[in-house]
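Note sheet for the following structure.
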Amino acid sequence: MKIATWNINGVKARIDALTTWLKEAGPDVVCLQEIKSVDEGFPLDAVAAAGYQAAVHGQKGFNGVAILAKRPIEDVQRGLPGDPEDAQARYIEATLSGDHGRAVRVAGLYLPNGNPIGTEKFTYKLAWMERLSRRAKDLLALEMPVVLAGDFNVIPEPKDARNPANWASDALFQPGSRAALRALVAQGWTDAVRATMPGADVYTFWDYQAGAFQKNDGIRIDHLLLSPEAADRITAVGIDRHVRGWEKPSDHVPVWVDLEV
DNA sequence: ATGGTTGGTAGCCAA
């Protein structure tokens, strides 16, 4: 089962790129972030024409997540538990079945950016990460293949940025953000990309500004965290970097893992 | 160099 995550930065602006990539890559499951659309505005017809069903958790103007899949999307949960006051659409969970009939629980998440630091936005980011850790612990206890897939908005280590010094005062690279991600991973999750691509210059995001992609001035912030039951079944991991060079690209590219399930 | 670019929306805000 090929499971991908992609922050598409607006589903309406990216519908051509999305359908082109779906046909090219043929993932079984896709977690989308920043759809920037209400549920009713999601292009279900275009996605269906490409062979995918969709479960959408949208919001007007900002945020918004969705799960696309070739097979039925079951037991959908919208929203991250732990704060009934939180109205931001950043989390969706569902169960998918693989070719061999094994169920995989997939969480698609869009972790808060948190900039600028020193404001309530950064406080919200850390609180959201605490809630994610609590949910992740419950998911591990299921002792089944689970994938946490999304834009985590955290640069784990200096080698995950071409120019780490440029991110020193950014919420994505704060010691508190990095420590919270380390604590989450230390519960027992496997960072699939880092585990299979241990070298430098492995990035998933390049800013639109200042020719960042041309200079390969990227960062690695889109992650796939696998439970032990999922990590044991990895057959391939990839980053579709070439998509960043397409016309009208998102600033993020698809990241995927293939599981034997 | 506090710039630069993009998307959603209709003012600027978020990234």
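Since the structure is predicted, the reported quantities are computational estimates derived from the model, not experimental observations. In what follows, every chain begins at residue 1, and chains take the letters A, B, ... in the order their sequences are listed.
- B/dA14 atom P lies 17 Å from atom CG of A/Asp251, rounded to whole Å.
- Where A/Gln88 and A/Tyr208 meet DNA chain B, the nucleotide closest to each residue was compared, and A/Tyr208 sits on the side nearer the 5' end.
- None of A/Phe152, A/Trp189, A/Trp256, A/Phe205 except one satisfies the ring pair (Phe, Tyr, Trp, His ring centres under 6.0 Å) rule with A/His223; the exception is A/Phe152.
- Straight-line distance from the CG atom of A/Leu18 to the C1' atom of B/dG7: 16 Å, rounded to whole Å.
- Note: CD (A/Glu34) to P (B/dT6) measures 15 Å, nearest angstrom.
- Rounded to whole Å, the separation between the C1' atoms of B/dG4 and B/dA14 comes to 16 Å.
- Using a 4.0 Å heavy-atom distance criterion, A/Arg244 is classed as making no nucleic acid contact.
- Taking atom CD on A/Glu120 and atom C1' on B/dA14, their separation rounds to 13 Å, with Å as the unit.
- Relative to the side chain of A/Lys60, the nucleotides B/dA14, B/dA10, B/dG7 differ in distance, and B/dA10 lies closest.
- Comparing the P positions of B/dA15 and B/dT2 gives an interatomic distance of 23 Å, to the nearest angstrom.
- We find that CG of A/Asn115 is positioned 16 Å from P of B/dC13, with the value rounded to whole Å.
- Straight-line distance from the CG atom of A/Asn113 to the C1' atom of B/dA14: 8 Å, rounded to whole Å.
- Salt-bridge annotation for A/Arg220 and A/Asp191: present, with a side-chain N of the basic residue lying under 4.0 Å from a carboxylate O of the acidic one.
- For A/Lys248 and B/dG7, the shortest distance from a side-chain N or O to OP1 or OP2 is below 4.0 Å.
- Taking atom P in both B/dC13 and B/dG3, one finds a spacing of 15 Å when rounded to whole Å.
- Each of A/Lys121 and A/Asn9 was matched to the nucleotide of DNA chain B holding its nearest heavy atom; the match closer to the 5' end belongs to A/Asn9.
- When the P atom of B/dT6 is taken as reference, atom CD of A/Gln33 falls 21 Å away, rounded to whole Å.
- Contact check on A/Arg131 versus A/Asp86 returns a salt bridge, with a Lys/Arg side-chain nitrogen under 4.0 Å from an Asp/Glu carboxylate oxygen.
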Apply ring-ring contact (aromatic ring centres under 6.0 Å, His included) to the pair A/Trp21 and A/Trp246, showing each step before the final yes or no.
CA-CA 10 Å; A/Trp21 175 76; A/Trp246 287 358; 8.5 Å; no
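- Between A/Phe205 atom CZ and B/dT6 atom C1' there is a gap of 10 Å when expressed in whole angstrom units.
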Output, in order, the C-alpha distance, side-chain angles, deciding distance and verdict of salt bridge (charged side-chain N to carboxylate O under 4.0 Å, His left out) for A/Arg134 and A/Glu130.
CA-CA 6 Å; A/Arg134 289 204 292 275; A/Glu130 180 59 40; 3.7 Å; yes
